[in-house]
Amino acid sequence: SNPHKRPPDLSGGLSRPNHTLCMEKVPHLQRPSKHAYPAWGCFSMKKSTPLRRAPPANSSPSPPRNGIKKLLAAGLAGLLLTVSVGAEETTWEEIPNANIPAAVIQKEVAEAEGMQVALSLPVKSAILIDQNTGTVRYEMNADEKLPPASITKIMSLLLFMEALDSGKIALTDTVTCSEVAAGFGGSQIWLKPGEEMTVDDLLKAVAVQSANDATVCLAEYVAGSEEAFVQLMNQKAAELGMENTHFACCAGLDNEGHYSTARDIALMSRALLRYPKITDYTTIWMDTLRNGATSLVNTNRLVRFYQGATGLKTGTTNGAGCCLSASASRDGLGLIAVVLGAGNSNDRFAAARALLDWGYANLAAVNITPPELEPLAVIRGTAPSVELTAQPPAEGIVIPKGQREAMTQTVNLAESLEAPIAAGTEVGTVTVAVEGQTVASYPVVTAAAVERMTFGRAFQRLGQGLLAMG
C-alpha cells in the first residue's frame with residue numbers, strides 16, 4: 001500500500017454524530033471536603049498501596065486488587081464534579097475510571113476495525129502523522145479551528161519540560177499553590193491555597209489526571225502568572241509553525257479566542273515527545289499523590305489497552321466534545337493520531353485506535369545504511385579532493401510495510417567544489433525511493449575542511465618538497 005494515499009477505510013458506515021456533551025450532566029453539588037474526596041474522580045488509598053503502571057496491552061482488563069468498592073467510590077466522586085466558568089457556564093472533563101469492563105474495550109476494538117472500511121471517522125477533525133519524520137499519513141478537516149479542551153495541556157507540558165531541560169526548574173522543587181490555581185475549576189486534584197507539592201507530583205497530576213489546578217500552579221511557577229505563561233504558549237506555537245492556533249488558557253477551558261487544529265496539535269505533540277522523560281508520566285495508568293491519600297487514574301485508557309501506547313492527552317468540554325491526541329511506538333515506528341470533536345468518549349478512542357491500527361498495518365520504520373561515496377574533486381584547494389559523509393536520519397525513515405527490498409538510494413552531488421570549503425558543508429543529497437516514489441532524502445556533507453591554495457602556500461609546499469628530496 002502507498003502511505004501517501006488516503007487510507008482506504010476509516011469509518012465503518014458510522015454516521016457523523018451530533019457533537020453533544022461526552023458525559024451526562026448532573027445537578028450542581030457543593031464541592032466535597034478534601035477528607036471525603038481527596039481528588040476529583042478518585043478514591044482514598046492506604047500508603048502501602050503499590051503504584052500501578054500500564055500492564056501489557058494484551059492482558060485482560062481487571063479491577064485493581066483493592067477491590068470494586070474503592071472503584072465505585074472513584075466513579076461516585078467523579079460524578080460530583082461540576083465547575084463554574086464565569087457566572088453560568090459549566091465545563092466538563094471525563095471521569096477517570098480504572099474499572100473499564102472488558103466488553104467496553106472489545107467493542108472499541110471492533111468499532112476501530114470496522115472504521116477501516118469506509119471514508120470517514122465519527123469525529124469533526126483528524127490527522128495521523130508518523131513521529132519519526134512528521135509526515136502526514138492521513139488527514140480529515142485537519143485545519144479546521146476547534147476548541148482543543150485539555151489537549152491544550154500538551155503545550156503546557158512542553159513548556160514545563162523545556163524549563164526542566166534548561167535547569168530553570170527541577171523535579172524536586174516544591175511549589176506553593178496560589179489562590180488563583182486553587183480556584184481555577186475544572187478537573188483537578190483539589191489543591192488548597194498554600195498547599196505545597198513537588199514539580200514531579202504536579203507533572204503527574206497534569207499528565208495523568210488532567211488537573212487544571214496543578215497546571216496553573218506549574219504555569220505560575222515557570223512564568224510568574226498564568227497570563228504570562230499563556231504568552232509563552234503562543235510564542236512557542238508560532239515557533240513550531242502552528243499557524244491556526246491561539247491559546248487563551250493554559251488548562252484548556254472553553255474560552256473565546258482559544259482554538260487549535262488537528263494538524264497543529266500533532267505538531268506540538270511531536271515536539272513534546274522529543275523529551276523522552278514525558279512518557280514517564282503519560283504512560284502511567286494508576287498512581288498516587290499525598291503519600292497515597294489521593295489516587296490518580298489516567299483519563300487516556302489507550303495507555304492501558306493499546307499495545308505500545310506512549311500517551312498522550314485527552315480533552316473534553318462542552319464546546320470541544322471529546323478529543324484525544326494518542327501516541328504509540330512499535331518496532332521503532334512512532335505514530336501520533338489526533339481526533340477532535342467526537343460525540344462521545346467511545347467514538348474518540350475507537351477513532352484514534354483505527355488511525356493507529358492503520359498506521360501499523362501499512363507503515364514500517366527502517367534504518368538507513370548510506371551508500372559508499374567517492375571523494376569529490378576540489379578546485380584551487382590545498383587538497384585535490386575532499387572526503388564525503390552521508391547523514392541519514394538517526395530515527396530512520398518510514399516506508400510502506402514490506403517494501404524494504406524495493407527501496408533504492410540515489411546520490412546527487414555537485415561535479416566539483418571550489419576552495420575554501422568548511423568541514424560539514426552540504427554538497428548533495430541521497431534520495432530514498434520505493435518503487436520510484438520518493439519517501440525520504442538526507443544530506444551529504446564534507447568530512448574535512450579544504451583551504452584555498454595561495455601563492456604563499458604554494459611556495460611553502462614547494463620548499464617542503466625540495467627539502468624532502470634532500
Side-chain angles (χ1 to χ4, degrees), residues 7 9-12 14 16-17 19-24 41 54-55 57-61 75 78 92-116 118 120-128 138 140 146 148-151 153-154 187 207-210 262 265-266 269 282-286 297-317 320-328 330 335-361:
D9 160 34
L10 287 170
S11 113
L14 296 178
R16 291 294 292 275
H19 297 281
T20 54
L21 185 63
C22 298
M23 51 180 283
E24 217 175 74
N58 57 4
S59 61
S60 59
W92 301 90
E93 254 290 2
E94 59 266 71
I95 302 172
N97 182 13
N99 188 29
I100 301 173
V104 171
I105 303 304
Q106 290 165 1
K107 181 181 178 183
E108 176 187 306
V109 172
E111 288 181 350
E113 291 174 351
M115 287 177 193
Q116 295 194 22
S120 64
L121 297 167
V123 297
K124 290 182 178 179
S125 174
I127 196 169
L128 175 71
Y138 168 84
M140 183 184 80
L146 295 167
S150 281
I151 289 182
K153 295 185 177 82
I154 292 174
S187 55
V208 178
Q209 191 81 3
S210 194
I265 289 168
S269 297
T282 58
T283 58
I284 293 172
W285 173 236
M286 296 178 68
V297 179
N298 204 314
T299 57
N300 178 12
R301 72 189 187 206
L302 294 186
V303 167
R304 169 68 173 83
F305 298 106
Y306 193 83
Q307 179 188 349
T310 56
L312 196 59
K313 192 72 198 71
T314 60
T316 305
T317 64
C322 293
C323 310
L324 175 65
S325 178
S327 59
R330 296 181 190 172
L335 294 177
I336 298 169
V338 179
V339 294
L340 303 178
N344 59 70
S345 189
N346 288 337
D347 279 355
R348 178 236 328 254
F349 287 115
R353 181 185 286 270
L355 285 170
L356 295 173
D357 284 350
W358 182 88
Y360 286 117

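Values reported hereafter were calculated over all heavy atoms of this structure, with side chains retained and with hydrogens, waters and symmetry mates removed.
Side-chain atoms of T282 and K313 include no donor-acceptor pair closer than 3.5 Å. The closest side-chain donor-acceptor pair between S150 and S210 falls under 3.5 angstrom.
Within the 4.5 Å cutoff, the side chain of L302 has heavy atoms near those of the E108 side chain. Using a 4.5 Å heavy-atom threshold, the side chains of N346 and V104 count as touching. You'll find the side chain of V339 reaches within 4.5 Å of the side chain of R348, heavy atoms only. Here the side chains of R353 and V109 are in contact, with some heavy-atom distance below 4.5 Å. Considering only heavy atoms from C-beta on, K124 comes within 4.5 Å of L146 through its side chain.
The two residues A207 and N298 come nearest to each other via the heavy atoms O-OD1, 4.3 Å. Listed here is the closest heavy atom pair of R301 and W285: CA-CZ3, 3.9 Å. When all heavy atoms of I154 and L312 are compared, the pair lying nearest together is CD1-CD2, 4.0 Å.
To the nearest 0.5 Å, atom OG1 of residue T299 and atom CG of residue L324 are 8.5 Å apart. Here CG of L121 is found 4.0 Å from OH of Y138. Values are rounded to the nearest 0.5 Å.
Among residues two or more places apart in sequence or in another chain, the side-chain contact (heavy atoms from CB on, under 4.5 Å) test is passed with A309 by Y306. Checked against side-chain contact (heavy atoms from CB on, under 4.5 Å), A320 has the following partners two or more places apart in sequence or in another chain: P147, A149, T317, C323. For the side-chain hydrogen bond (donor to acceptor under 3.5 Å, both in side chains) test, residues two or more places apart in sequence or in another chain that qualify with S269 are S325.
A donor-acceptor contact shorter than 3.5 Å is absent between the side chain of N300 and the backbone of T314.
Results of the side chain to side chain contact (heavy atoms under 4.5 Å, CB included) test with L355 over I336, L128, L335 single out L128 as the only residue that passes.
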